[in-house]
Amino acid sequence: MSKKKESQNIDFEQLDPKSHIVIKGARVNNLKNLSVAIPRNKMIVVTGLSGSGKSSLAFDTLFAEGQRMYVESLSSYARQFLGRMEKPEVDYIRGVAPAIAIEQKVNTRNPRSTVGTSTEIYDYLKLLFARIGVTYSPVSNEVVTKDAVEDVVDQILKNEVGTRLMVLAPMLKHEERSIEDELQLLLSKGFTRVRWKGDVAFIEDLLPNVKKVKKHTDVQVLIDRIAIPETVEDELQFRIADSVQTAYFEGAGTCLLSYTDGREESFSDRFERDGILFEEPSANLFTFNNPYGACRRCEGFGSVLGVDPDLVIPNKELSIFEDAIAPWRSETMKKWKDALVSSAMDFDFPIHRPYEDLDPAHQELLWTGNKHFKGLNKFFDFLQSKTHKIQYRVMLSRYRGRTSCPDCRGTRLRKDASYVKINGKSITDVVLLPISASSEFFNNLQLTDYEMSIAKRILKEVTNRLEYLQQVGLGYLTLNRLTSTLSGGEFQRIKLATSLGSALVGSMYILDEPSIGLHPRDTQRLIGVLESLRDMGNTVIVVEHEEEVMRSADQIIDIGPDAGSHGGELMYQGSLKEMNNADTHTARYLSGKIEVPLPEFRRPWTRSVKVRGAQENNLQNIDVEFPLGVLTTVTGVSGSGKSTLIKKILYPALGKRLGTVNEETGKMKSIGGDVEAITRLEFVDQNPIGKSSRSNPVTYVKAYDAIRSLFSVQPLAKQRAYKPAHFSFNVEGGRCETCQGEGTQKIEMQFMADLHLTCESCKGQRFKQEILEVIYNDKNIADILDMTVEDSMTFFEDQKPILNKLRPLYDVGLGYIRLGQSSSSLSGGEAQRVKLAYFLGHGKSKSHEHTLFIFDEPTTGLHFHDINRLMKAINALVDQGNSAIIIEHNMEVIKCADWIIDLGPEGGAGGGQVVFAGTPEEMVKINDGYTAPYLREKLK
C-alpha cells in the first residue's frame, strides 16, 4: 500500500493537536483537497517539483492560518482594522503554533540597512561602546577625560596638612566688553580679588590702572583660598566643591589651582585633550541613521556621488598618449591631454607607458597635476563651473558614479566616533571585520571588573548572535555589509540567525530553501542550526530541494506528482529510508534511478577575458581568465570570493567598457583579453523583475501585447470599438477603477504590515464587466491571466506569436506560474528564471553580437527534475553564440559546465585564491579544495 493511500486513511479527527498539526482539505492555489498531519517538535522537509504546491501548503496555508489566528487573539479594537483578513481555503487546521516565516526574498532595498542592523547586533554594539568605550586623542593617542568637581576636590584634599592654595578661574574675553567692563562685572557679582602678573590684587585697586592690563589671559579671578587642616570636616568639603563649581562656571569649564610652593594645576570639565573638544560617547554618536552620528559628507550612506576613476580611465591597458583618459579624447577637450604630452619631458612623465603599469605616484599626479599641466581634478572643477551649459552637464554626468565616501571611507559614521575604542578597536574597526574575526575579538575581550559588570549582558547578546551567524555559514560577511547586496539565501540565513538569537520556544518555523548559496561543505552546519531550533522545542518545516537536508529530516512530505495543475497532491509522507520505493520524482532521484545527463562534449574556446590583480575584499591579488563562447561555472565554499570576483569586479569593469554600468568597481590591476568581443552584458540576478505590483511574467516576456491585440480583433470588441489598450490593467479604459487594475486593495496598517485584500468591485479580476464579456475560445482576459504558462501554451497552440513568447517560460521550468501572477509573489529563483526566459525569447543573436550572461545561482528553487530543463535553456543561449558565467554550488550544474573556476580553499580570510581552473574531468583528478570530492561523486 502506498504512503499516499495510507495518509488518506488516517483518522484526522482522533489526532491530538498537542502532538500533530492537522491540515484537512487544503485547496489553496493548486492544492487538491490535500490533508496531512505534521508531527510537532520535529524537522519536516516539504519537497516536490517547482510549482507542485510546496509553498502553497507551507506558506499560503499553514503560515497564513498562523497569522490569522494571531490576529484573532488581538483586541476587538485592533481587529476592526483586520476584519477582512481572508482565511485559507481549507476545511480546518488544528494544532497551529505561533508561526515564523523565513523566506528567501531580500525584501529590503534600504540603502542604510546592513547585516549589523538587520541582526540587531549593531544596536548592542552602540550601547557597548557608549557605556565602556574609552576616547583617545588622535594627536597624542592619550585617553580623553573630563574632571568632575569631585575629582578636583579629591585632588585638593590629597595634599599634606598645612598646604595652602588658591582656587582661580581664568577671566573670560567677551567681544562686546572691554577688560575694564569685565572687571566691573566681576565686582558686581561679588568677587573682590584677582591675580595679575602672579600677584593678588583688589579689583578696585586694579581698575584705575586697567590700561596696564594688556590681555584678558593675564588676569585670573580669585574664587577661594584654602588651607588643608588636620581634620577635614564635611563643611570644608562642601565649601571646596562649591568653589570649584564656581570656578568652572566663571572660567567656562576651566579651574586653576595655585599653590604657595609654586605649583600650578589646571582642570577642565570639558571633554577635551590636546586642544580638541571631543563628543562624549553616547548611543547616538554611533548611529549612522541619526543626523547626530552620521558622517556629515555622505549623511550615513557610506558612498557619495562623485567622479568614478574607472569611468574616467575605462581601459587601463592604454597609455596617456593612446587616449587612456576618456574625457580628453574629444576635439574640444584634447587641449588638456596636449598640455600633459607636450610638457611630459619636463618632469619625466612616461606618456607611452600603459596606465596600469604607471607607479602610484604618477597615477596620483594625473589627478593632482603640477605647474606644467592641470590634472583631472582641475578638469572636473572646470566642468563643474560650466554646468549652466547643458553640454558640460551631460559630459560631467558620464563620469559620475557612486564612490566610497572619502571622509568616513564607507563606514558611515562621523570621524570622531572612531576615536572611541575598546581593547584598541573602534566600532568602525569591528564592523569592517569578518564576523568570524569580530566573534573572536569579543570572546577574548580583556575588561576590568567594573567594565564587565556593565557590559556582561550586552556582550552575551553580541557573542550569541555572532556565533549563530557563523553557524549558518555567514562568518565571511562583515557587519557593515549592505543588506541589499546579499543573495536571497544569505538574507534568509541572517533572518534565521536573528530568530535563533531571540530563542523562542514552542513556535513553528517555516523556512524557504535555507540551503541557497551554501556549498555542500557548509550544508551540514546549517542542518545543525535547524536541529538546534527543533531541539529547543520548535516545529521546523523546511521547503527544500537539497539532498543533505532531506537526509537529515525526521520526516519528508513529497508534493506532486508534477507542477501547476498537475500537482497539489500528497505523494509521500514518511522517513527517507522508506522512500526508495515511492513513485515520485524525488524518490527516483534520491535512489539514483534518474539524474541530470552529462553533456556529450565540452566546448573548446580560444577567446577569453582576463582579470589581473583582483584584490577586493578577500581576493588575494589573483589573475583569473574567463573563457568566451562556453559555459563557465564559478564555484567555491561560501565566502571564498565568488560574488566579489563576479559582481564587484568583472561585471562593473566590463559594464563600464560598454557604458552600461556605473557601479563602483572593486580593487584590481586591470581587465583585458578579448573584451572587445563582448557587445552586451546581462546580469541575471534574483532581484524582483519589477518594483511595481503590476509587473508580472506575461508582461515581462512581452507576450501580453500579442494577447491584447488578439482580444481587440474579436467580433464583440470590434463592435464596441475596443482597442488593445482596453485590455490593459495599467491604463484607464477597460480596467476596474476601484482598484485601478490591481485586483486587490491595499489597507495600510499602522502597527502591522499592509494588507492586500481582494477588490470587492471586480472580485480580483482587474477589469470592468463589459470588458470581461469579450470572449476568445470561451475565456475572457481575466481567465487568460489566471491560466498557468503550461495551460496557456495548449490554449494558444495556434497563435504562434504568443506561443513563441510563452515557450521560454516553460523551458526554464516555470510552466506552473500564472500569467498574471504579481512579480512580488515570485521567489528570487523564479524571478531570475523569468529574466532568463526573456532573453531566450529574443531568439538567436545577430552574427556580430556576443552577449555575456552572468547568472547568480539559477538553480534556486529548482527540484532535481527541473535542473535538466534549466541547463538546456542556458546551453541554448551559449549555442546562439553567447557566453555564460554561473555562480553556483549545485553539482548537477557544475558537472555540465565546459569550464570550472574554483575559488577558496576556505571562506573569508582563508579564501580568495584560485584553487583550480579547467574542465570537470580535470578537476576530479585534484585533491585541493572542497568542490572536487563532491564533483567526483557525480562523474563516477
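The model shown is predicted, which means the values in this text are computed figures rather than measured ones.
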Ser426-Thr428 side chain donor-acceptor pair, cut-off 3.5 Å: yes
Over 12 foreign heavy atoms within 6.0 Å of CD, Glu299: no
Any side-chain heavy atom of Val529 within less than 4.5 Å of one from Arg525? no
Sub-4.5 Å side-chain heavy-atom contact between Ser552 and Met43: yes
Answer yes if the side chains of Glu888 and Thr859 hold a donor-acceptor pair under 3.5 Å, and no otherwise. yes
Quiz item: cation-pi between Arg412 and Phe301, 6.0 Å / 45°: no
Checking the side chain of Ser515 only, and the main-chain atoms of Leu518 only, is there a donor and an acceptor separated by less than 3.5 Å? no
Can you check whether Tyr124 and Phe442 have ring centres sitting under 6.0 Å from each other? no
So, Thr61 side chain and Ala58 main chain: donor-acceptor pair closer than 3.5 Å or not? no
Side chains of Gln470 and Ser439: do they bring a donor and an acceptor to under 3.5 Å? yes
Arg465 side chain to Thr119 main-chain N or O, any donor-acceptor pair under 3.5 Å? yes
Could you tell me whether Gln620 atom CD has more than 12 heavy atoms of other residues or ligands within 6.0 Å of it? yes
Is Arg534 positioned over the aromatic face of Tyr509, cation under 6.0 angstrom from the ring centre and no more than 45 degrees off axis? no
Tell me whether Asp856 contacts the main-chain N or O of Ser643 through its side chain, where contact means a donor paired with an acceptor under 3.5 Å. no
